[in-house]
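One structure below.
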Amino acid sequence: MDELNIGSWDHSPPLPIPLDILFDIIQHLPIQSVLALRQASKSFYAITRLRSLWALLLRTLVHEQNIPIPSFDRKSFDCLSALELERLTCCALALRSNWTNPDPDAKREVDFYKPTEPDSRIIFMEFLPGRGNRWLISVTMNVQPRKYVIQCWDVAVLQPVCIAELTHMEGPYGGIVINDDPSSPAIIVMQSALTEILAIDFEEDDPESAFVPLSVIDGIREIHLLSGSTLVTRRPEKGGEVSIWDIGDQPCEKIQLVNPSLLQNDRCQAMHICDDYMVIVRQKTVELYSTIPRPNIIATPGAPISYPLAQHTFQWLTETVNMSKQVSWHAARSHHPSPINIVIRFGSVYPWPVNMLHHFVLNPNPAYVPGRETSLYNLPYLMQPTPVQTIGSPVRLFAPSSVALGRYGTVLWIDSHTEDWAGPSDCGQRLAGRILTATGGFSTSQHGSHDTMIFRVRDDDLWNKVAVDEESGRIAVGYVNGSITLFEYS
């Protein structure tokens, strides 16, 4: 690369350093130091305005560290100017610095949705992935009369507003799942006496008309996962098979996943589907299946059946499980599977769960060949989860608790730990979090502290649900009285 002669602009001697070597030095500086270089001379001012420098810093300081970029509309980086790349880099690092601080500073806090009906409580809350990172889905349960209110909130405006609302009052209610593919028209699936697949018209003026039915599947079932046009359900009886559906124009069952060795503890806790395989975490097992339909060995009516290619059994029953594939720049570049974070609160023989969260990682199989069919001889993951850390998280008897796990490794939880700020107490909650770091496989190390972050504390037990959107730096907490509070950290 040519010698640097920008110094002649201000009559200072040229820097006899090739630009690539200078860039290699600069990328190891804190971002504040890079910006401070602009004041050193016109030469450094010009250097720190170069698009190639900010493209490098965005890649090395943000992408390679698996740090989310706030307010990014996902257009190609090749179309961005030097100033836009600089803004994205600085915003991402500023959010990560605040997010991983032991005491993060909320830039905005807003309370909204306070139901007028007594005995209302938030029972579900999750941010819609993608779509501008501005939508929050909540479900409120009202006891008398029994009804469920599903709402979509625009949280990017100054005062969050409900843009879609659906009330379910008659018949059974089996919950909802949200599509993890933001490009799919099917946004949520609700289970009632039917399995209802719904879209949302974000431009509709009447919230009660904004949920748009797309299709239905007859019958009652457990709904567990929605990814693109793929829906995963389970028959509710003990030993019930897991079914994978194509919910395109005419929903149809593609394949059934059956584990004959499970006679009990077969309740599904978490799932992950990708390409031609699926990982299922049940109460006591982790299982990996091929999702390629093949004719049954013995001709039977119904969809083809797939059996586990591999499985691992935990020593104890799980109480709650959160599972998410870790965003990994290195894995994406090599077309290998990314590590999967699994956060478990195990059950106990007592009426309350264990006062610890256990972080496991499902590591990629080094022998896996991408592009080759998943089989017993080509497994994408090592099926024994690697224990990484335990996190103290006490929960009092009958006290509400909740856990949320993000794609970038943020785990948030609500628990009853009060000793650090109020001493021993019969009530009180904290909203805490940690950045998870996987071991083995591909590194997911991040700049910033891996200690516990305390986002909020309170002296009562009103919180019962938490949701996180790492890309926008937002956290939402739901209350046992039906209210919602939004915190923003970007």
Side-chain angles (χ1 to χ4, degrees), residues 66 68 70 95-96 99-100 104 106 109 121-130 133-140 153 155 175-180 188 224-226 269-272 281 318-327 340-345 353 356-361 388-389 391-393 395 399-417 429-438 444 446 450 452-458 462-480 483-490:
N66 307 320
L95 172 58
R96 178 46 57 105
W99 192 259
T100 58
E109 176 181 345
R121 65 189 294 120
I122 299 292
I123 62 171
F124 176 92
M125 206 165 50
E126 191 172 315
F127 288 96
L128 285 184
N133 299 103
R134 64 181 304 158
W135 312 108
L136 173 71
I137 302 292
S138 68
V139 180
T140 307
W153 301 89
V155 296
I176 68 170
V177 292
I178 291 179
N179 204 324
D180 61 16
I188 72 168
H224 287 279
L225 178 68
L226 180 60
Q269 301 278 55
M271 298 181 179
H272 168 70
V281 180
T318 60
E319 179 77 14
T320 63
V321 178
N322 294 74
M323 179 166 65
S324 179
K325 184 174 73 170
Q326 168 80 42
V327 171
I340 296 177
N341 287 313
I342 305 175
V343 177
I344 297 175
R345 191 185 292 276
M356 286 186 294
L357 296 173
H358 295 259
H359 172 213
F360 295 86
V361 170
V388 178
Q389 61 180 320
I391 303 169
S393 176
V395 179
S401 64
S402 179
V403 178
L405 177 60
R407 298 189 309 125
Y408 289 86
T410 300
V411 58
L412 295 180
W413 64 90
I414 295 171
D415 63 21
S416 305
H417 184 79
Q429 293 175 299
R430 70 169 177 173
L431 171 60
R434 188 172 289 192
I435 302 296
L436 303 182
T437 304
T444 58
Q446 322 240 5
H450 300 300
T452 298
M453 301 94 73
I454 308 299
F455 289 91
R456 275 293 189 275
V457 295
R458 61 182 306 119
L462 292 183
W463 287 333
N464 72 326
K465 289 294 175 184
V466 62
V468 60
D469 181 359
E470 296 159 292
E471 292 181 335
S472 65
R474 294 189 179 107
I475 296 173
V477 291
Y479 292 72
V480 295
S483 300
I484 300 174
T485 297
L486 178 73
F487 302 103
E488 289 190 356
Y489 293 88
S490 63

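Since the model is a prediction, treat every value here as computed from it, not as a measurement.
Side-chain contact between Ile188 and Leu226 is absent, with no heavy atoms from C-beta onward closer than 4.5 Å. When side chains are defined from C-beta on, Leu225 does not count as touching His272, because their heavy atoms never get closer than 4.5 Å. Annotation: side chain of Val361 is in contact with side chain of Asn341 (closest heavy-atom distance under 4.5 Å). Taking 4.5 Å as the limit, every side-chain heavy atom of Asn464 sits out of range of all side-chain heavy atoms of Ile414. The closest side-chain heavy-atom distance from Trp135 to Ile137 is not below 4.5 Å. No side-chain heavy atom of Val177 sits under 4.5 Å from any side-chain heavy atom of His224. With a 4.5 Å cut-off on side-chain heavy atoms, Leu95 and Tyr489 count as touching. No side-chain heavy atom of Gln269 sits less than 4.5 Å from a side-chain heavy atom of Thr320.
Lys465 and Ile123 make their closest contact through CE-O, 3.3 Å (heavy atoms, listed as atom of the first residue, atom of the second, distance). The two residues Ser401 and Val395 come nearest to each other via the heavy atoms CB-CG2, 3.9 Å. Across all non-hydrogen atoms, the minimal contact from Asp415 to Trp413 is OD2-NE1, 2.9 Å. Taking each heavy atom of Asn322 and Val403 in turn, the nearest pair found is ND2-O, 3.2 Å. Taking each heavy atom of Val468 and Gly406 in turn, the nearest pair found is CG1-N, 4.3 Å. Met125 and Ile484 make their closest contact through SD-CG2, 4.1 Å (heavy atoms, listed as atom of the first residue, atom of the second, distance).
Within the model, atoms CZ of Arg121 and OG1 of Thr140 stand 11.0 Å from one another, a figure rounded to the nearest 0.5 Å. The distance from the CG atom of Leu436 to the OG1 atom of Thr410 is 7.5 Å, given to the nearest 0.5 Å. Taken to the nearest 0.5 Å, the CD1 atom of Ile178 stands 8.0 Å off from the CG atom of Leu136. Considering CG of Asp469 and CG of Leu486, their distance stands at 10.0 Å, rounded to 0.5 Å. Atom NE2 of His359 is separated from atom CZ of Arg434 by 10.5 Å, given to the nearest 0.5 angstrom. Interatomic distance, CZ of Phe487 versus CG of Leu431, reported as 6.5 Å (0.5 Å rounding).
Close placement of the Phe455 and Trp99 rings is indicated, their centers lying within 6.0 Å of each other.
There is no side-chain donor-acceptor pair under 3.5 Å between Trp463 and Ser402.
Distance alone, capped at 3.5 Å, is enough to place a donor-acceptor pair between the Ser490 side chain and the Ser472 backbone. At least one donor-acceptor pair closer than 3.5 Å links the side chain of Arg345 to the backbone N or O of Ser393. At distances below 3.5 Å, at least one donor-acceptor pair connects side-chain atoms of Gln429 with backbone N or O atoms of Leu462. Distance alone, capped at 3.5 Å, is enough to place a donor-acceptor pair between the Glu470 side chain and the Tyr408 backbone.
In this pair, Phe360 and His358 present their aromatic rings parallel. The plane angle is below 30°, not in the 30 to 60° band.
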